[in-house]
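A short write-up of the structure that comes next.
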There are 2 protein chains.
Amino acid sequence: MGTPSTTSDAILLSARALIAAGGYNGFSYADIAKTVGIRNASIHHHFPAKADLVRVLVARYRQEAETGLAELERHVDDPAERLRAYVGYWSACIADGSAPICICALLASELPALPETVAVEVRAHFRGLSAWLASVLQSGSRQGRLRLTGSAEAEAELFMATVHGAMLSARAYGDPGAFNLVTRPLLERLSS
Amino acid sequence: MGTPSTTSDAILLSARALIAAGGYNGFSYADIAKTVGIRNASIHHHFPAKADLVRVLVARYRQEAETGLAELERHVDDPAERLRAYVGYWSACIADGSAPICICALLASELPALPETVAVEVRAHFRGLSAWLASVLQSGSRQGRLRLTGSAEAEAELFMATVHGAMLSARAYGDPGAFNLVTRPLLERLSS
DNA sequence: GGGCTTCTACCTTCTAGTAGGCAGATCGTC
DNA sequence: GACGATCTGCCTACTAGAAGGTAGAAGCCC
């Protein structure tokens, strides 16, 4: 996520930061125009409507997440370590403020108010993340490196929900440490 | 939460439902006016600004929560049962759609975009709920009815975050059962 | 020239919020 | 008990500004 190479990228990057701050209805085309340094109308050339912009944004976000998790699987073997790496990634993002919350978790909270095309993408993220976590937990259990108490799928839902809740707590308390306070015992229970 | 007795109550009730659907920026005075059956300007008579309306709304929400938890303590003795009752309350609210999500959890997600007066109330809710959970966990641990792995405070944060995350998942999946899928093992781990 | 990209200029609708008035309830006061 | 005065709740009518979005021209690169 370095310097955007195209105007379209710059728009998406700006919108992502704005959504992370205040959700779908928390930003306007004017806000983006200001930060990107273009005119309001120019955004419509790249994204006809706001729903299009956010849909593409979330789709790209999902793709990045997928790529990141695949990358993580290539570099880390131990399933327990994979979970730690995933949580550690978010811990770092929250601590340095680069991504203070998962935008899909945020958008999920206001799901009934979202355009359907965006809602579809948000739901897909939840399903995708849950499936990845389940596969990691499953293989960890098979290898005897992770101790599950329920099915891998149920444990995955529990894990994902806890991480999302930890993001909310960190934001509510204004303290990145709150995220770790919640996720550390979550990881320890599975490992020990 | 029956029929509102005053217009002011009706406004607050309508606003609560609208916030639960789309957050702080997800509703307008016009939306409230439509459902309550009054004119836009009349709302300003009761609440000068939007921030005032939502601040009062959240303050009342917190008070109701406090009252509800106190009531729960009077009727239920066993700490484990208290936790089950708390989770069960939300499970029912989500299932029947009367309160599909905790509005403070929702507002926390868009905290940076909230008026400071509202943000203060939201933070207070997190602190209050966490403190209550910690006290229940503490007494449950003392009585040997709950098995804690960390401090009561840390377990309380974990518990609260998981419940909030479960609300997000239920909303994302459009399935109230997702809330139970996450919270059941959460309760079981503490009880067994 | 053709195709992008961005611009200016504009539109419509919605936003929170204001000003002032009007009907009815509640006053103390004579 | 009649009187005005004040208060309350809601109204109509309005404002300025912001919202998302459109039309069409200008600049620019191949």
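The chains referred to below are lettered A, B, ... by the order of the sequence lines, with proteins before strands, and numbering in each begins at 1.
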Contacts of B/L186 that satisfy side-chain contact (heavy atoms from CB on, under 4.5 Å) - sequence neighbours left out: B/F159, B/T162, B/V163, B/R189
Who are the side-chain hydrogen bond (donor to acceptor under 3.5 Å, both in side chains) partners of A/E81, not counting sequence neighbours? A/R84
Per-nucleotide protein contact string for nucleotides 12-29 of chain D, where B marks a base within reach and S marks sugar-phosphate only (heavy atoms under 4.0 Å, - for neither): BB-----SSBB-------
Between NE2 of B/H46 and C1' of D/dC11 the distance, given in whole Å, is 12 Å
Considering all heavy atoms of both residues, which atom of B/D31 and which atom of B/G26 are nearest to each other, and what is their separation? OD2-O, 4.4 Å
Side chains of B/C102 and B/H125: closer than 4.5 Å at any heavy-atom pair? yes
Compare all side-chain heavy atoms of B/V136 with those of B/Y86 and state whether any distance is below 4.5 angstrom. no
Can you list the residues that meet the ring pair (Phe, Tyr, Trp, His ring centres under 6.0 Å) rule with A/H46, with sequence neighbours excluded? none
Output yes when a side-chain donor or acceptor of A/Q143 lies under 3.5 Å from a complementary backbone atom of A/P79, and no otherwise. no
The complete set of salt bridge (charged side-chain N to carboxylate O under 4.0 Å, His left out) pairs with one or both residues in residues 114-129 of chain A, sequence neighbours excluded, reads A/R62-A/E121, A/E116-A/R123
Please list, in 5' to 3' order, the outermost nucleotides of DNA chain C lying under 4.0 Å from any heavy atom of chain A. C/dT5 to C/dA9
Within the structure, does a side-chain N or O atom of B/H45 lie under 4.0 Å from either OP1 or OP2 of D/dC10? no
